[in-house]
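To start, the structure itself, in structure tokens.
Order of the sequence lines fixes the chain letters, A, B, ..., with proteins taken first and strands second; residue numbering starts at 1 for each chain. Below, each value reflects all heavy atoms present in this structure, side chains not excepted, and no hydrogens, waters or symmetry copies.
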There are 2 protein chains.
Amino acid sequence: MTLTNNSKRRKELVAIAARLFCEQGYERTTVRMLADAMGIKSGSLFHHFNDKQEILCAVIQDGMESAMTIADQALEGLTQPKERFKALARAHLSTLLNDRNAHVVALYEWRSLTDESLSVLIDMRDRYEQLWQQVIDDCVETGLIKGDQPLIRRFALGALNWTVQWYDADGEKTPDDLAQALGELIGLG
Amino acid sequence: MTLTNNSKRRKELVAIAARLFCEQGYERTTVRMLADAMGIKSGSLFHHFNDKQEILCAVIQDGMESAMTIADQALEGLTQPKERFKALARAHLSTLLNDRNAHVVALYEWRSLTDESLSVLIDMRDRYEQLWQQVIDDCVETGLIKGDQPLIRRFALGALNWTVQWYDADGEKTPDDLAQALGELIGLG
DNA sequence: TTTCAAATCTAGCGCTTGCTTGGTTTTTGG
DNA sequence: CCAAAAACCAAGCAAGCGCTAGATTTGAAA
């Protein structure tokens, strides 16, 4: 196998792993559980991944890539700070709640990553946060919001990320409703 | 041993366990690591706790009790909704960042609890959230904030809980600064 | 049809895990 | 000072863990 294999089969396996890691946590999910859910024997898993930790890394990486792509698309063509903020919040909630498995894993399980995997993922996360920071900086500079800019970013992302703890997809509120509500709460009616 | 032993020794052990669980996660922390850090042999651990999971439960329980106590104290004597909100936010950040170990564990590791432990802790959490809900309801009813009330509570607690991910105790901002900043962000200057 | 790599299986190794048991030391209350 | 209780230790068991090695099957290209 190649080190960073991106075959279709591998993507499928990663999605299955994401579900199990999300449901039971990384450490409690054994390679045998993963293999069972994938319909193969545990030994065969190591044809696709060098070790268990690599599966975890792949899950988180897929989630982050998807978040980045959707955020970029959402901002395309928008110039007004207020609209950009609201679009970014909608995009964030959209990935967060659609690719929920991967994102829950990313939020909960990064401590099980090797330093090497971690540094790759931290780079991705930093790039994503920079996107947010620019949008928030614009809101502050045009006087739409007041306050310490990095702090606002952290509060906003905290409020949004926390939704995975309580959001019910079968409920009445859509992710877009939530994004709108957050905008209103911080004065971006 | 009694089932819910609350001896001083046990409290010490729970605090040590909180540190290890916070640093490495519950599943990655072995009973041997715990025993080493406590200065005893791994077998002796089971004189104080029936099983490993009970240690986790005790860690979270201690954290929640402390949060509840501090919140009650903070609200005592305050009647103005705005002041009550800000006091509650200060209290929340104060426990969150002082008893950080226990609270990080509570946020990250509840999936490793048995159903029995979980139901006890969920009751405590619900009571705590009710405290927040009342304060927020007052703010909305007196026109200080606008929006869906449970949603505001969730956004606020999300923003606050997320601080454990990035807050640096050696930095320039105090927990009180953060509480103040959150208040300003949602229009409670 | 032959070839060859990718994908899978079979079988199990070496190690760690949570936890138990039975005995010893330390602490404490009368 | 002494007995009972609490705390601890030494030794190890049974189960499960991540992972490996070598053989076998599958599937597409030549």
Legend entry - T30(A) side-chain proximity, nearest of dG18(C), dC8(D), dG18(D): dG18(D)

Inset, instruction - Under the salt bridge (Lys or Arg N to Asp or Glu O under 4.0 Å) rule, what do K8(B) and E12(B) come out as? Steps first, then yes or no, please. - result: CA-CA 6 Å; K8(B) 189 178 175 187; E12(B) 290 171 12; 5.1 Å; no

Legend entry - For atom CG of N50(B) and atom P of dA7(D), their distance in whole Å: 14 Å

Legend entry - d(CD, E12(A); C1', dA7(C)) in whole Å: 13 Å

Legend entry - Nucleotide nearest H47(B) when distance is taken to its side chain, options dT8(C), dC19(C), dC8(D): dC8(D)

Legend entry - Atom-pair distance (CG on L56(B); P on dC19(C)), nearest Å: 12 Å

Inset, instruction - Using only side-chain N and O atoms of R9(B), determine if any of them is under 4.0 Å from OP1 or OP2 of dT27(C). - result: no

Inset, instruction - Measure from the side-chain heavy atoms of K41(B) and tell me the nearest of dA6(D), dT20(D), dC9(D). - result: dC9(D)

Legend entry - Touch class at under 4.0 angstrom, heavy-atom based, for K52(A) against every strand present: sugar-phosphate

Legend entry - side chain to side chain donor-acceptor pair (under 3.5 Å) between Q53(A) and S117(A), worked out: CA-CA 9 Å; Q53(A) 181 266 166; S117(A) 299; 2.5 Å; yes

Legend entry - I40(B) CD1 to dT25(C) P, straight-line distance once rounded to whole Å: 18 Å

Inset, instruction - Figure out the CG/P separation between D51(B) and dC19(C), and round it to whole Å. - result: 5 Å

Inset, instruction - Grab the CG-P distance between L45(B) and dA6(D) for me, whole Å please. - result: 18 Å

Legend entry - Whole-Å gap separating P (dG18(C)) and CZ (F21(B)): 9 Å

Inset, instruction - Figure out the CG/C1' separation between L34(B) and dC8(D), and round it to whole Å. - result: 16 Å

Inset, instruction - Answer yes or no for K52(A) and F46(A): cation-pi contact, defined as NZ/CZ to six-membered ring centre under 6.0 Å and angle to ring axis within 45°. - result: no

Inset, instruction - Select one nucleotide: of dT20(D), dT8(C), dC8(D), the one nearest the side-chain heavy atoms of H48(B). - result: dC8(D)

Inset, instruction - Scan R32(B) against the nucleic acid and name what it touches under 4.0 Å (heavy atoms): base, sugar-phosphate only, or nothing. - result: base

Legend entry - 5' precedence on DNA chain C between G39(A) and Y26(B) (nearest-nucleotide basis): G39(A)

Inset, instruction - Give a yes/no on whether any side-chain N or O of S44(B) is located under 4.0 angstrom from OP1 or OP2 of dA7(D). - result: no

Inset, instruction - Report the residue (S42(B) or M33(A)) whose heavy-atom-nearest nucleotide on DNA chain D is the more 5′ of the two. - result: S42(B)

Legend entry - Carboxylate-amine/guanidinium contact E27(A) R111(B), below 4.0 Å: no

Legend entry - Derivation and outcome, side chain to side chain donor-acceptor pair (under 3.5 Å), residues T69(A) and S66(A): CA-CA 5 Å; T69(A) 304; S66(A) 144; over 6 Å; no

